Amino acid sequence: MTFEIIGTYLAALSLLIGSGFIIIGVIGLLKFNDPMTRLHAPTKVGTIGIGMLLLASTLHSFAMGEGSVHELLIMAFLFVTAPISANFIAKVNIHRGVCETPPVPPNDDTWATLETPEESQEI
């Protein structure tokens with residue numbers, strides 16, 4: 001077996017795994033009713049699914065002898081920005097009152113920006 005054939009098989013396997021993760025994310029997005037649970041499925045599963053699809057593209061380009069690192073840059077950007085955007089969407093849902101408010105942690109009045117400290121209200 002040549003490197004080209006092995007690379008093609010690995011790319012096909014990555015495509016199948018990535019497609020499976022994306023299908024699971026879509027089913028989770030359609031099935032869940034609450035905005036916070038709907039947020040969880042695509043952000044967690046979709047990141048891995050898209051990462052596997054980009055890995056398949058990278059493997060295929062190297063197997064064909066035309067190396068490309070664009071996909072690696074896209075993966076790095078995706079893995080950095082997806083959790084941050086999910087956090088912002090979750091905070092918006094909490095502030096809008098769309099979902100249940102998280103329980104109050106003990107001995108802390110300023111958790112998750114839901115309440116402001118007394119000093120900042122006087123200014």
Side-chain angles (χ1 to χ4, degrees):
M1 290 182 116
T2 64
F3 177 70
E4 185 176 322
I5 294 172
I6 293 172
T8 303
Y9 283 139
L10 288 175
L13 181 65
S14 296
L15 282 173
L16 289 174
I17 293 171
S19 300
F21 273 107
I22 289 175
I23 288 172
I24 290 170
V26 168
I27 290 170
L29 179 66
L30 295 175
K31 182 176 178 176
F32 296 133
N33 294 329
D34 184 55
M36 295 297 272
T37 54
R38 291 183 78 191
L39 173 69
H40 183 74
T43 55
K44 304 301 182 246
V45 175
T47 302
I48 296 173
I50 296 296
M52 290 300 287
L53 295 179
L54 290 169
L55 180 66
S57 177
T58 303
L59 288 172
H60 181 69
S61 67
F62 278 113
M64 295 298 139
E66 302 169 1
S68 173
V69 293
H70 295 103
E71 291 87 356
L72 296 176
L73 295 173
I74 294 169
M75 273 195 278
F77 180 75
L78 178 72
F79 289 146
V80 168
T81 59
I84 295 169
S85 61
N87 186 18
F88 284 139
I89 293 170
K91 279 190 171 191
V92 166
N93 283 323
I94 290 173
H95 284 289
R96 287 181 60 205
V98 176
C99 60
E100 292 181 24
T101 304
V104 178
N107 301 328
D108 190 8
D109 294 333
T110 60
W111 182 79
T113 70
L114 290 175
E115 297 178 15
T116 56
E118 297 298 324
E119 296 83 25
S120 66
Q121 289 180 353
E122 296 173 3
I123 296 177

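Given the structure is predicted, the values throughout are model-derived calculations rather than measurements. Scope of the values below: all heavy atoms of this structure, side chains included, with no hydrogens, waters or symmetry mates.
Using a 4.5 Å cut-off between side-chain heavy atoms of Ile, Leu, Val, Met, Phe, Trp and Tyr, with links allowed through other members, Leu13 and Leu59 fall into the same hydrophobic cluster. Under the 4.5 Å side-chain contact rule for hydrophobic residues, Ile48 and Ile27 do not share a cluster. Ile84 is not connected to Met75 by any chain of hydrophobic side-chain contacts under 4.5 Å among Ile, Leu, Val, Met, Phe, Trp and Tyr, and they are in different clusters. Ile6 and Tyr9 fall within the same hydrophobic cluster, defined by Ile, Leu, Val, Met, Phe, Trp and Tyr side-chain heavy atoms under 4.5 Å apart, directly or through other members.
Legend: residues meeting side chain to side chain contact (heavy atoms under 4.5 Å, CB included) with Ala90, ordered by chain and number and at least two apart, are Met36, Leu39. Take Ser61 and apply the side-chain hydrogen bond (donor to acceptor under 3.5 Å, both in side chains) test, not counting sequence neighbours, and it matches no residue. Under the side chain to side chain contact (heavy atoms under 4.5 Å, CB included) criterion, Ile74 pairs with Leu54, sequence neighbours left out. Under the side chain to side chain contact (heavy atoms under 4.5 Å, CB included) criterion, Thr47 pairs with Leu78, Phe79, Ala82, not counting sequence neighbours. When the side chain to side chain contact (heavy atoms under 4.5 Å, CB included) test is applied to Leu29, the partners found at least two apart in sequence or on another chain are Arg38, Pro42.
Between Phe3 and Phe62, the closest heavy-atom pair is CE2-O, 3.6 Å. Across all their heavy atoms, Ala56 and Ala11 have their closest contact at CB-O, 3.4 Å. The heavy-atom pair separating Leu55 from Ser14 by the smallest distance is CD2-OG, 4.1 Å.
Among pairs with a residue in residues 66-78, those fulfilling side chain to side chain donor-acceptor pair (under 3.5 Å) read Ser57-Glu71, Ser68-His70, Ser68-Glu71, at least two apart in sequence or across chains.
The distance from the CG atom of Leu53 to the CG atom of Leu16 is 10.0 Å, given to the nearest 0.5 Å. Note that the CG atom of Leu10 and the NE2 atom of His60 stand 13.0 Å from one another [nearest 0.5 Å].
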> Going through the checks in order, is the side chain to side chain contact (heavy atoms under 4.5 Å, CB included) test met by Phe88 and Val92?
Replying inline: CA-CA 6 Å; Phe88 284 139; Val92 166; 5.6 Å; no
>> Before you tell me yes or no, could you show the steps for Ile5 and Thr2 under side chain to side chain contact (heavy atoms under 4.5 Å, CB included), namely the whole-Å CA-CA distance, both residues' side-chain angles and the distance that decides it to 0.1 Å?
In response: CA-CA 5 Å; Ile5 294 172; Thr2 64; 3.5 Å; yes
